[in-house]
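Quick notes on the structure that follows.
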Protein chains: 2
Amino acid sequence: MSTIQPKRDLILDCARQLFAREGFHATGVDRILDQAGVAKMTLYNHFGSKEQLIVEVVDQASLQLVGLMDSWTNASEDPFEQIILLFEGLAGWFDSPDRCGCLIQAAAAEFSDPGSPVGQAILRHQERVQAFLTRITRATECPDASGLAARIGLLFAGAMTAARICRCREPADEARKAAAILLEDACRRAELELE
Amino acid sequence: MSTIQPKRDLILDCARQLFAREGFHATGVDRILDQAGVAKMTLYNHFGSKEQLIVEVVDQASLQLVGLMDSWTNASEDPFEQIILLFEGLAGWFDSPDRCGCLIQAAAAEFSDPGSPVGQAILRHQERVQAFLTRITRATECPDASGLAARIGLLFAGAMTAARICRCREPADEARKAAAILLEDACRRAELELE
DNA sequence: ATGGGAATAGACCGATCAGTCTATTTGTTC
DNA sequence: GAACAAATAGACTGATCGGTCTATTCCCAT
């Protein structure tokens, strides 16, 4: 058997794909087992329950997405450019043919209780993203960096939501334009303040 | 029996509430029947299948939301003000305690196939919203009205997505600020073009 | 009063759900 | 080769799923 990756990661990967394509509740444990070619007890020994598997899938997807955002923005030192790069990266991400939008948004839609383990994982993701965005907007030295980060985050989330429906990169491109306008505005206000 | 509204609307209403709170796949038909106090055959005589019920719930929610958007913006004749009113209305909408975000976004997350009946209903909604927004942005007589509408739509969707997670009106307030900046920018470009 | 359409309760269907259990095999490491 | 942990197949549980069917009851209009 040529399992390069341990079974645990294999299950995590197959589960992520199926959850993204079919949804969390609509994907039965047996479907994941078939896809991964793995016995039932292997899954339950590793994760304990379907809910815990979902939590780990969401956490992994969150770290992966934030990692992507980081790699997209690494190409520049200028925080203004970084935000543009962020939306360009997002647009490129949507070009992947098998992509069905953001897994974490899907999880938020299916698990609305913020107190549940899955809800907690979603909140962790939200905090990660906002922390990432705030780190960039603070570097712009514009006033109201956190407000700017919140607005950029709204565009980011909106682009993901729209891309799930229209399945194209246009929302991300439009979000990039909107972000550029918001940045220009914040920049202009900063200059006014200096005078 | 004091059924003021016909059973059909009662079922539709209970289903909408349960779908919004628990999700579509997670809500069994029997739960809807219990909540509505209605026999199983009554539901199946009216809707034929759970999927068709979902389609009608989504369509009803779409018409209701667009109707709300219309009523929020009716308070002014000025298209710039109308967009601000739109996000103020949205913020007020999120103040409702039992609200768990946008039912149509949840549907989009659970039914990713755009060819399915539910997917079609979601596309119809998306077209309704964009048509509504474009009608307003065209009245601003700014250049690139459809682009502006798309950007406003992204903020609108982003605010809904964020509100589902944080369960507060802040995202809508922040989206309103962002929309105001986008409008100001579009307005400024229009004036520059006139000179 | 009576006929008919709408709604009722509830049994029933096969399929699938998440999760458990056991007995066996596999691969690795002393 | 012995020991041991990991993974295997597959039977099994009770619950729930969406959906069907029947027989009965209710209410309203003629």
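Throughout, protein chains are lettered first and strands after them, A, B, ... in sequence-line order, and every chain is numbered starting at 1.
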Quiz prompt | Flag, side chain of Ser62(A) to backbone of Val58(A), donor-acceptor distance under 3.5 Å | solution = no
Self-check item: Interatomic distance, His46(B) NE2 vs dT20(D) P [rounded to whole Å]
Solution: 16 Å
Practice problem: Give a yes or no answer on whether the side chain of Thr161(B) reaches the backbone of Ala157(B) with a donor-acceptor pair at less than 3.5 Å. | Solution: yes
Exercise. Let me know the distance between CG of Asn45(A) and P of dA9(D), rounded to the nearest Å.
Key: 14 Å
Exercise. Using only heavy-atom distances, determine whether the side chains of Thr134(A) and Ser146(A) contain a donor-acceptor pair under 3.5 Å.
Key: no
Self-check item: Atom-pair distance (CG on Leu33(A); P on dT16(C)), nearest Å
Solution: 15 Å
Exercise. Rounded to the nearest angstrom, tell me the gap between atom CD in Glu51(A) and atom P in dC17(C).
Key: 18 Å
Practice problem: Decide, yes or no, whether a salt bridge links Glu56(B) with Arg8(B) under the criterion of side-chain N to carboxylate O below 4.0 Å. | Solution: yes
Quiz item: Which residues, if any, of residues 36-44 of chain B bring a heavy atom under 4.0 Å of DNA chain D?
Solution: Lys40(B), Met41(B), Tyr44(B)
Self-check item: Rounded distance (Å) that lies between atom P of dA15(C) and atom CZ of Arg31(A)
Solution: 17 Å
Quiz item: Contact class for His25(B) (heavy atom, under 4.0 Å): base, sugar-phosphate, or nothing?
Solution: nothing
Practice problem: Tell me, yes or no, whether the heavy-atom count around Glu141(A) atom CD, taken from other residues, nucleotides or ligands under 6.0 Å, exceeds 12. | Solution: no
Self-check item: Listed nucleotide nearest any side-chain atom of Lys7(A), set dG19(C), dA7(D), dC17(D)
Solution: dA7(D)
Quiz item: Can Ser76(A) and Glu81(A) be counted as having a side-chain donor-acceptor contact under 3.5 angstrom?
Solution: yes
Self-check item: Asp30(B) CG - dC12(C) P separation (whole Å)
Solution: 16 Å
Practice problem: Measure from NZ on Lys50(B) to P on dT16(D) and round the result to the nearest Å. | Solution: 15 Å
Quiz item: Gln52(A) has an atom CD; how far is it from atom P of dA18(C), in whole Å?
Solution: 16 Å
